[in-house]
Amino acid sequence: MTAFPIRNICCIGAGYVGGPTMAVIADRCPQIQVNVVDLNEARIAAWNDLDLSKLPVYEPGLDAVVDRARGRNLTFSTQVDAAIAAADMVFISVNTPTKTKGLGAGQASDLRWVEACARQVAQSAQGHTIVVEKSTLPVRTAEVVRSILEAAQRQAVDGELPISFSVLSNPEFLAEGTAIRDLESPDRVLIGGENPVAIQSLAEIYGHWVPVEKILLTNLWSSELSKLTANAFLAQRISSINSVAALCERTGADVREVARAIGSDSRIGSKFLQAGPGFGGSCFQKDILNLVYLCRHFGLPDVADYWENVVALNTWQQHRISRLVVQKLFGTVTGKRLALLGFAFKADTNDTREAPAIRIAHDLLEEGAQLAIYDPKVDPQQIAFDLQLAASSPPDVQAGPTRAALSGEGTWWSGTSVADTVAGADAALILTEWHEFRQLDWAALAPWMRQPAWVFDARAVVDPEAVKSSGLMLWRVGDGAV
Ligand code: NAD
Ligand code: UGA
C-alpha cells in the first residue's frame with residue numbers, strides 16, 4: 001500500500017493534547033512541517049514564549065521537546081486558515097466538554113468546536129486533505145465531520161485543484177503528568193478509518209518511532225468507541241477501589257494491602273488501584289457521561305445506569321471526605337483554619353479541571369471554613385476561578401479570628417509554602433500526591449498547628465508513624481488500622 005505523502009500537518013487546538021502531541025510528532029519527524037493553531041492568542045503567545053517555563057501546559061520533559069523542534073519544523077500561531085490551506089493532514093484537537101444546556105445537557109458532548117473546525121477545514125483546505133479526529137468524540141461523530149467535508153468536495157475546475165477529504169479517528173490516550181513518556185512510548189496507537197491510503201499515511205508518521213505491532217487499525221466506529229470505553233474502564237477501577245477503601249476504614253482492613261493482594265492476580269493487574277479522593281481531570285467524568293448518554297440514545301437504559309454509577313460513586317467519595325473532616329473536627333469547621341495541600345487533579349500537572357480539591361473545598365467553604373490552599377504548580381488565580389471566590393489576604397496567625405471567621409463566612413487564601421499553609425490550622429488535607437508532600441517533616445510542622453490537630457491524607461502519601469509520633473492525629477484513605 002502506497003501512502004499519501006505527508007509533508008505538512010496542521011493541528012487545530014493548542015491545548016493539553018494538541019501542544020504535546022504535535023511537539024512529539026515534530027520532534028520525531030523533522031521532515032514534516034507541523035503548524036499548531038488556536039483561536040486563543042494568549043495560549044499561542046505562551047507556546048511561543050522564549051522562557052520555556054512559561055509554556056501553557058506543565059508536563060515533565062515537554063520543554064526539552066519544544067525546544068528541539070520549535071522554530072525548526074514546529075510553529076504555534078493563530079493563522080488557522082493559512083495553516084489548513086498548507087496542510088496535507090489536519091488534526092482536530094479541540095475541547096469537547098459536556099453540554100451545559102439544550103438536548104443532552106449534563107451528559108452529551110458539546111460538539112460545537114469540532115463542527116466549527118470541520119466547517120473551517122471545508123472552507124480553507126486545498127487538494128486532498130486527511131482530517132484526523134484527535135479529540136475524544138461520541139461514536140459516529142465522524143459521520144458529521146464527513147458530511148460537512150463532503151459538501152465541500154469538488155472536481156478540478158478552471159485550472160484549480162480538485163478538493164477531497166478522508167476522515168480518520170486517532171484518539172489520544174496520553175495521561176497528564178506523563179504525556180511525553182506516553183507519547184514517546186505509547187502502549188498502542190489507534191487508527192480508525194475506511195480509506196486504506198489515508199490510514200497508511202497516518203500509520204507511517206507514527207511508524208517513525210512506534211513499533212508497527214503497537215499501531216492498531218480498526219473501523220471508524222470501533223476507534224471512536226474504544227476511547228470512551230478505555231476511559232470508562234479506567235475510571236471504573238478507581239470507583240471500585242474507592243468503594244473498597246470505605247469498607248476497609250470500617251473493618252480494620254487496609255486498602256493498600258487489599259489492592260496488592262488483588263492486583264497480584266495477573267487477570268486483574270496492579271495498575272489504577274490507588275484509592276484517593278476520587279478521579280478528577282477533564283475527561284473521565286465527561287467521557288463516562290457521554291457513554292451514558294449514548295447508551296440511553298441507543299435504547300440501552302440498563303447499560304447507561306451501570307456506567308452512571310461509576311460517576312455517582314466518585315462524587316460520593318469526594319463528599320464523604322469533606323463530611324468526615326467536619327465530623328472529626330468535633331462536628332464543625334466554621335471559623336476553623338484548614339490547610340489544603342494540593343489543588344491539581346493529580347501530581348505533575350498544573351491542570352485543575354474537575355479536581356477533587358474543588359468539590360471538597362466547596363463543601364468546606366459552605367461549612368464556613370477558612371482555607372489556606374497551597375499547590376506547587378497551580379496559579380492562585382486559577383483556584384479563585386475554580387472556587388468562584390476571590391482570595392482573601394492571609395490572616396495574621398498570631399492575631400485572633402478574622403471577621404469572616406467570626407461571621408461563619410467561608411474564605412480562602414493562597415499559601416506560598418507548606419509551612420505557612422499549615423500555620424494555625426486545625427487540620428492539613430493532602431489532596432494531590434505531589435512528591436514534596438511525601439517528604440514533609442511533620443515533627444517540624446506540628447508545633448505550628450493548633451492542637452489537637454489532624455492530618456487527613458486522601459492520597460496515602462505520608463509516613464503514618466512520622467505523623468503520629470509528632471502528636472498529630474491521622475486519617476488515611478482506606479486505612480482501617482490507623
Ligand atoms: P484544551 O481545552 O486544553 O484545548 C483545546 C484548544 O482548542 C483550546 O486552546 C481552544 O482555544 C482551541 N479551540 C477550540 N475551538 C477552536 C477552533 N475552532 N479553532 C481553533 N482553536 C480552537 O483541551 P485538551 O485537554 O487538549 O483536550 C482536547 C481533546 O482531547 C478533548 O476532546 C479531550 O477529551 C481529549 N483528550 C484530552 C486529554 C487530556 O489529558 N487533556 C487526553 C486525551 C484526550
Ligand atoms: C486519563 C487516562 O489515563 C488517559 O489514558 C486518557 O487519555 C485521559 O484520561 C483523557 O482522555 O483525558 P488523566 O486524566 O490525564 O488521563 O490522568 P490519570 O492518571 O488517568 O488520572 C485521572 C484521575 O484518576 C486523577 O485524579 C488521578 O489522581 C486519579 N487516579 C488515578 C486515582 O485516584 N487512582 C489511580 O489508581 C489512578
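Keep in mind that what you see is a predicted model, and the values were worked out from it rather than measured. For ligands, and for the atoms within them, numbers begin at 1 and follow the listed sequence.
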If you have a sec, work out which protein heavy atom is nearest [atom] and how many Å separate them, to one decimal?
atom: atom 14 (C) of ligand 1; value: Asn95 OD1, 3.2 Å
atom: atom 14 (O) of ligand 2; value: Phe345 CE1, 3.5 Å
atom: atom 43 (C) of ligand 1; value: Glu172 O, 3.2 Å
atom: atom 12 (C) of ligand 1; value: Asp38 OD2, 3.2 Å
atom: atom 44 (C) of ligand 1; value: Thr136 OG1, 3.6 Å
atom: atom 8 (C) of ligand 2; value: Leu174 O, 3.5 Å
atom: atom 15 (O) of ligand 2; value: Glu176 N, 2.7 Å
atom: atom 1 (C) of ligand 2; value: Phe284 CE2, 3.4 Å
atom: atom 36 (N) of ligand 1; value: Val17 CG2, 3.5 Å
atom: atom 21 (N) of ligand 1; value: Leu39 N, 3.4 Å
atom: atom 1 (P) of ligand 1; value: Arg43 NH1, 3.6 Å
atom: atom 20 (O) of ligand 2; value: Phe272 CZ, 3.1 Å
atom: atom 34 (N) of ligand 2; value: Gln274 O, 2.8 Å

Looking at [X], I'd like to know if its [atom1] atom is crowded, meaning that more than 12 non-hydrogen atoms belonging to other residues, nucleotides or ligands lie closer than 6.0 Å.
X: Arg72; atom1: CZ; result: yes
X: Glu436; atom1: CD; result: yes
X: Arg181; atom1: CZ; result: no
X: Glu41; atom1: CD; result: no

Can you list the ligand 1 atoms lying under 4.0 Å from a non-hydrogen atom of [X]?
X: Thr96; result: 31 (C), 32 (O), 34 (O)
X: Lys227; result: 43 (C)
X: Trp113; result: 14 (C), 15 (N)
X: Ser135; result: 29 (C), 30 (O), 32 (O)
X: Lys286; result: 33 (C), 34 (O)
X: Leu174; result: 40 (O), 42 (C)

Counting both backbone and side chain atoms, is some N or O of [X] under 3.5 Å from an N or O of ligand 2?
X: Ser282; answer: no
X: Phe173; answer: yes
X: Gly281; answer: no

Check each of [options] against [atom] and report the one with the nearest heavy atom.
atom: atom 30 (N) of ligand 2; options: Val477, Asn242, Ile238; result: Ile238
atom: atom 21 (O) of ligand 2; options: Arg237, Lys346, Glu433; result: Lys346
atom: atom 3 (O) of ligand 2; options: Asn314, Asp348, Leu234; result: Leu234
atom: atom 28 (C) of ligand 1; options: Val94, Asn40, Val36; result: Val94

Could an N or O of ligand 1 be found under 3.5 Å from any N or O of [X], whether backbone or side chain?
X: Glu176; value: yes
X: Ser93; value: no
X: Arg353; value: yes
X: Tyr16; value: yes

For [X], counting its heavy atoms only, list the atoms of ligand 2 lying under 4.0 Å from any of them.
X: Cys283; result: 10 (C), 11 (O), 12 (O)
X: Asn231; result: 2 (C), 6 (C), 9 (O), 10 (C), 11 (O)
X: Ala175; result: 3 (O), 15 (O), 16 (O), 17 (O)
X: Glu172; result: 7 (O)
X: Phe279; result: 23 (C), 24 (O), 26 (O)
X: Lys227; result: 6 (C), 7 (O), 10 (C), 11 (O)
X: Arg459; result: 28 (O)

Take Thr129 and Asp88 through the side chain to side chain contact (heavy atoms under 4.5 Å, CB included) test and state the conclusion after the steps.
CA-CA 5 Å; Thr129 307; Asp88 310 305; over 6 Å; no

Residues two or more places apart in sequence or in another chain: which of them pass ring pair (Phe, Tyr, Trp, His ring centres under 6.0 Å) with Trp47?
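Residues passing ring pair (Phe, Tyr, Trp, His ring centres under 6.0 Å) with Trp47: Phe76.
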
Without hydrogens or angle criteria, can the side chains of [X] and [Y] be said to hold a donor-acceptor pair below 3.5 Å?
X: Tyr58; Y: Asp348; answer: no
X: Asn35; Y: Gln33; answer: yes
X: Ser166; Y: His128; answer: yes
X: Asn219; Y: Ser222; answer: yes

Side chain to side chain contact (heavy atoms under 4.5 Å, CB included) between Trp475 and Lys328, intermediate numbers included:
CA-CA 9 Å; Trp475 170 85; Lys328 293 210 186 285; 4.1 Å; yes

So Trp454 and Phe456, would you call those rings parallel, tilted or perpendicular, with 30° and 60° as cut-offs?
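Ring orientation of Trp454 relative to Phe456: parallel.
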
Determine the minimum heavy-atom distance between Thr432 and Phe437, stating which atoms define it.
O-CD1, 3.1 Å

Arg146 to Phe165 six-membered ring, cation-pi geometry met (6.0 Å, 45°):
no

For residues Thr96 and Asp110, determine if any side-chain heavy atom of one lies less than 4.5 Å from a side-chain heavy atom of the other.
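Thr96 vs Asp110: side chains apart.
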
Any donor-acceptor N/O pair, Thr75 side chain to Gly71 backbone, under 3.5 Å:
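No; judged by distance alone, with no hydrogens or angles, the pair does not exist.
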
Donor-acceptor pair, distance only, cut-off 3.5 Å: does the side chain of Lys346 make one with the backbone of Glu433?
no

Hey, would you say the Phe233 and Trp307 ring centroids sit under 6.0 Å apart?
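Close enough - the centres of the two rings lie under 6.0 Å apart.
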
For the CG atom of Leu190 and the OG atom of Ser169, what is their distance to the nearest 0.5 Å?
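The CG atom of Leu190 sits 6.0 Å away from the OG atom of Ser169.
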
In Å, rounded to the nearest 0.5 Å, how long is the span from CD1 of Ile373 to OG1 of Thr421?
9.5 Å

Who passes side chain to side chain donor-acceptor pair (under 3.5 Å) against Glu143, sequence neighbours left out?
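Only Arg140 meet the side chain to side chain donor-acceptor pair (under 3.5 Å) criterion with Glu143.
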
